[in-house]
Amino acid sequence: MSTANESNGGATGRDVEVREMIAVRFAGDSGDGMQLTGDQFTTTAALVGNDLATLPDFPAEIRAPAGTLAGVSGFQIQFGSLDILTPGDRPDVLVAMNPAALKANLGDLVPGAMIFVNTDAFDKRACEKVGFTANPVEDGTLAAFRVFQVAFTTITRRALEDSPLTTREKDRCKNFFALGLMYWVFGRPMDHTLQWIQKKFAKNADVVAANTAVLKAGYAYGETTETFATTFQVAPAVIKPGTYRHVTGNQATAFGFISAAKLAGAELFLGSYPITPASDILHELSRHKRYGVRTFQAEDEIAAVAAAIGAAYGGAIALTTTSGPGVALKAEAVGLAVMTELPLVIADIQRGGPSTGLPTKTEQADLLQVMFGRNGEAPLPIVAPTTPGDCFDAAIEAVRLATKYMTPVFFLSDGYIANGAEPWRIPDVDTLPSFEVSYRTEVEGFRPYERNPETLARPWVKPGTPGLEHRIGGLEKADGTGNVSYDPKNHEKMIHLRQEKVDRIADDIPDAEIYGDDAGDLLLIGWGGTYGALRAATMHLRRRGHKVSHMHLRHLNPLPKNVEPTMRRFGQVVAAELNMGQLRTVLRAKFLIDVKALNKVQGQPFKVWELVDRVEAMLAAKQEKTA
Amino acid sequence: MTATTLTRKDFQTDQDVRWCPGCGDYAILAQFQKVFPELGIPRENFAIISGIGCSSRFPYYMNTYGFHTIHGRAPALASGLKVMRPELSVWVITGDGDALSIGGNHLIHALRRNMDLKIVLFNNQIYGLTKGQYSPTSEVGKRTKSTPFGSLDEPFTPLALALGAEASFVARTADREQKHLAETLHAAAEHKGTALVEVYQNCNIFNDGAFFHLTEKDRKDGNQLVVEHGKPLVFDNGTKGIVFDGFAPKVVDVAEVGLDAIHVHREDAPVGYHLALAKLHGPQFPTALGVIRRVQRPTYDALVEAQVLAEQAKSDKNDIHALLHTGHTWEVG
């Protein structure tokens, strides 16, 4: 996605290409340390002042056989001097540690991309293992690219001739060679990584020495070898002042829930069963007992949500984290939380489905499941974070709604933003919205299902409160008293009350954000984790003169009040989703507006340019029709 | 309301009790309402959590905090409550279908963790609420609506299952043994850890008389072995006793072998003995009632609390600023 390339003679006499943004992918075996390499490269880019976004892409298998396509692990970063909204459509630079890594990523590269291959790994057997009939580096397969052949393993071993490490251990350092080389290519300082090596391997001086030597060898190789005609210069971005850190979506989610509990003045309980890609939230929250967080790794998904409901009944900020298959298992219990009107947040980190589907890949196909996937009429609010950093704010919002309205709330994230990372401006804790919860203690006039006239919330009573002993459960409640009731009229009234309670939340949430003009030819509507790609595509479309705007939804139930009127001000309305059109179904049913579909269900995020192309095609088709 | 002034009446609710007339559940309810005021626990600190089934209607009839949840999940829900609110006395009321069929997983894991819950399992060896299908404790060959030619599957012995799941307290009693039932509930209440009490309960509609050999005056002496810690395993008015030949239990005449030869019950004995005891059944053996196993080990909820307090002692528990700044940060501008 380079928009400005200019070549200058650099200090070294080589060409320096100035880029506004550039995408780099590191790829190797899952044991090659590609995630670590990517993390280091990312932190250094942030320290240099670039804006950036990253995406790891790892195999579902923990250790697939070495050298196979199934075992390829990748890490992509896009960084630049502009506002970076996605990890990039197509890498400009690929580092391929073996033939499998090359084969798996070749189709994604931009024409003319730079490819750094570890020639030591390209023997005949390794090439044939992944279906190359000849060495692709030599047979013209890579003619469209700028290929740099570097003997990573040989040079790494040579740099470590005096090291006491075994050959096997030495070879494991070669990712630092790749990193050092990339630092040279992009003119980056090595300081951060050098310090990090010192700290990380403090217990083993030989490993510190080896990794340090190899990192420097990579840098020096770039500097002294004639092979590389070009280096890149990527200027710092204009970034809002503040203290920054890196955060993945799942990490921000965990931080958000801890903060939310503090803002609510209650303690956080997590009931969870490990599941990809949600487990990192469990891991992160388990580390923070000092904040009163109690994590409970339950025996299954159902126990996890049931325990959370029990914690909510006890007065806690209750959370359960899972992915689509887990949501399916939790459905009955979520219905219980609807019926008993207890605050609960169910975090669904979506992945490819149906069934086990694509556990490590992203998708947005759980929207209708979380909206409707329960027996009976069981409405509840849905909040969908838009970026890794937004997971923090969305988690707080989910807890705010759950406690204020006494209702279960879905937090609908996805694998893409859960694992994706971005620099995050750490918020000032004192500026966060406070919403201290209160528990009923007043005995006089207490009725378990008496409602707050504004929010329709019922009182939250903690067991242990004298004089308020009462019974709740999954059977239909009599309005007010909460006693078991089979009365037909009462049932219908309660169904309406529960719906009305959720509907009224529309008065308490902000309008959906609109980028671009508030009227025009085409409105692109998205929700959740596709924010970056849709926003970037809309920027390009507008730059090309199209009257296109982007409306992004964080609240999916109820919908913000400006959604319908905004839709009516555009010639075409297009819902872009990583599913078969689930939001589209809702919008059409609700508003009787002919919303068009722009879908992708490949387990992959949208690419910016595919969105641009498809929207332009839709604009052209419409024009033809009206002409 | 202070605990000392409580009476049976304080635990009764205004709800009509809707079990079938003659159901064994009435007798169990009566004993709960007798025992709870005696425990020295303020009424507001009781929470009764149930699943689904006839027995699970129980919370509606006890004037405490109560939660009638969903089928099989009561131990899981109660676990979350207990972890957050360790000061509460949390009771789980369940049945043989609820605890052993749909909820089997939650039961064994609660026991394994030694969550401080009192689980009272009403075992009537039948599905009552769904009108009479066989349950996981029904005997092989049972003819019910869903097994007109006789059931085919082997039943569980609930206490044996619990012992296999590392239970720290298992006991058995029966609805019609009122005094014994009350004593057993007391023992469960006093135990720190998961206490599983199996109550043989008569379903007079779908499985009438399933336990009459244990509970009826004319028959129970020869079939009921009431165990007590430190006392020999004798029954039938002290005329018969249990001895072990290796791992195999044997019924002997006390007069023949002498009382000293009879095996002495120990609640803290190796679990293999407790398993053998739990699995004694007619016709060749009596059925054991009483506290079969009682050992002390740390409870999950107390361990969680200790970890939280240990972490909080190290640093400021309200410092969100520090949380958000963990790891690498950098300044811009």
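Here is how names work: the chains are called A, B, and so on, in the same order as the sequence lines, proteins then strands, and each is numbered from 1. Only a predicted model underlies this, so the values are computations on that prediction, with no experimental measurement involved.
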Between A:Ile239 and chain B, with a heavy-atom cut-off of 4.5 Å, which part of the residue counts as in contact: side chain, backbone, both or neither?
both

For B:Leu309, which atoms come within 4.5 Å of any heavy atom of chain A: side chain, backbone, both, or neither?
neither

Between A:Ala333 and chain B, with a heavy-atom cut-off of 4.5 Å, which part of the residue counts as in contact: side chain, backbone, both or neither?
both

B:Tyr300 versus chain A, heavy atoms under 4.5 Å apart: side chain, backbone, both or neither?
side chain

Let's test your reading of the structure: which of B:Ala310, B:Gly80, B:Pro59 forms the most heavy-atom pairs below 4.5 Å with chain A?
B:Gly80

Would you say A:Ile317 and A:Phe269 make side-chain contact, with heavy atoms under 4.5 Å?
no

Please state whether the side chain, the backbone, both or neither of B:Thr69 comes within less than 4.5 Å of a heavy atom of chain A.
both

Can the ring centres of B:Trp19 and B:Tyr26 be said to be less than 6.0 Å apart?
yes

Is it the backbone or the side chain of A:Trp424 that comes under 4.5 Å from a heavy atom of chain B, or both, or neither?
side chain

If you compare all heavy atoms of A:Ala337 against all heavy atoms of A:Ile309, which two are closest, and at what distance to 0.1 Å?
CB-CD1, 4.2 Å

Can you see whether B:Ser315 engages B:Gln312 through a side-chain donor-acceptor pair at a distance of less than 3.5 angstrom?
no

Check whether A:Val293 gets within reach of chain B through its side chain, its backbone, both or neither, counting any heavy atom under 4.5 Å.
backbone

Show the nearest heavy-atom pair for residues A:Ala312 and A:Pro343, with the distance to one decimal.
CB-O, 3.1 Å

Only heavy atoms, only distances under 4.5 angstrom. Which residues in residues 111-121 of chain B are near chain A?
B:Arg113, B:Met115

Short N-O contact, B:Glu87 and B:Arg85, less than 4.0 angstrom:
yes

Kindly indicate, with the supporting measurements, whether the criterion side chain to side chain donor-acceptor pair (under 3.5 Å) is fulfilled by A:Asn483 and A:Arg471.
CA-CA 8 Å; A:Asn483 287 333; A:Arg471 273 63 57 193; over 6 Å; no

If you count heavy-atom pairs within less than 4.5 Å of chain B, which of A:Pro241, A:Ala307, A:Gly314, A:Gly271 leads?
A:Ala307

Residue pair A:Gln40 / A:Thr193, side-chain donor-acceptor N/O under 3.5 Å
yes

Please determine, among A:His246, A:Lys289, A:Arg290, the option with the most heavy-atom pairs under 4.5 Å with chain B.
A:Arg290

At a heavy-atom separation under 4.5 Å, does A:Ile426 approach chain B through its side chain, its backbone, both, or neither?
side chain

Which portion of A:Pro427 sits near chain B, non-hydrogen atoms under 4.5 angstrom
both

Top contributor to chain A interface from B:Ile108, B:Asn318, B:Val90, B:Asn105 [non-hydrogen pairs under 4.5 Å]
B:Asn105

Per-residue tally against chain A (heavy atom, under 4.5 Å) across B:Val304, B:Asp319, B:Ile49, B:Ile48 peaks at B:Asp319

Contact origin within A:Leu468 toward chain B - heavy atom pairs under 4.5 Å:
both

Among A:Lys240, A:His470, A:Gln251, which residue forms the greatest number of heavy-atom pairs with chain B at distances under 4.5 Å?
A:His470

Taking the side chain from B:Thr329 and the backbone from A:Tyr244, do they hold a donor-acceptor pair closer than 3.5 Å?
no

Heavy-atom distance under 4.5 Å between the side chains of B:Phe32 and B:Trp91, does that happen here?
yes

Looking only at heavy atoms and a cut-off of under 4.5 Å, which of A:Trp196, A:Phe255, A:Tyr313 has the most pairs with chain B?
A:Tyr313

Is there a donor-acceptor pair closer than 3.5 Å between any side-chain N or O of B:Ser50 and the backbone N or O of B:Arg57?
no

Applying a strict 4.5 Å limit to non-hydrogen atoms, the region of A:Lys462 in contact with chain B is both

Is the distance between the ring centroids of B:Phe11 and B:Phe46 under 6.0 Å?
yes

Test item: A:Glu332 side-chain N/O and A:Leu329 main-chain N/O as donor-acceptor pair under 3.5 Å
no

Highest number of heavy-atom pairs under 4.5 Å with chain B among A:Val429, A:Thr295, A:Val484, A:Ile472 belongs to A:Ile472

Side-chain heavy atoms of B:Phe36 within contact of B:Arg43, under 4.5 Å
no

Looking at chain A, which one of B:Ala78, B:Gly103, B:Gly66, B:Ala76 has the largest number of heavy-atom pairs inside 4.5 Å, strictly under?
B:Gly66

What do you reckon, is CZ of B:Arg8 surrounded by more than 12 foreign heavy atoms closer than 6.0 Å?
yes

Chain A interface, residue from B:Lys314, B:Lys82, B:Arg73, B:His106 that has the most non-hydrogen pairs under 4.5 Å
B:His106

Do B:Glu305 and A:Arg294 sit within salt-bridge range, that is, some charged N less than 4.0 Å from a carboxylate O?
yes

Name the region of A:Leu263, side chain, backbone, both or neither, that has any atom closer than 4.5 Å to a heavy atom of chain B.
neither

Could you tabulate the donor-acceptor pairs under 3.5 Å formed by side-chain atoms of residues 321-328 of chain B, not counting sequence neighbours?
unit_1, atom_1, unit_2, atom_2, d
B:His325, ND1, B:His321, O, 2.7
B:Thr326, OG1, A:Arg245, NH1, 3.4
B:Thr326, OG1, B:Leu323, O, 2.8

Applying a strict 4.5 Å limit to non-hydrogen atoms, the region of A:Thr340 in contact with chain B is side chain

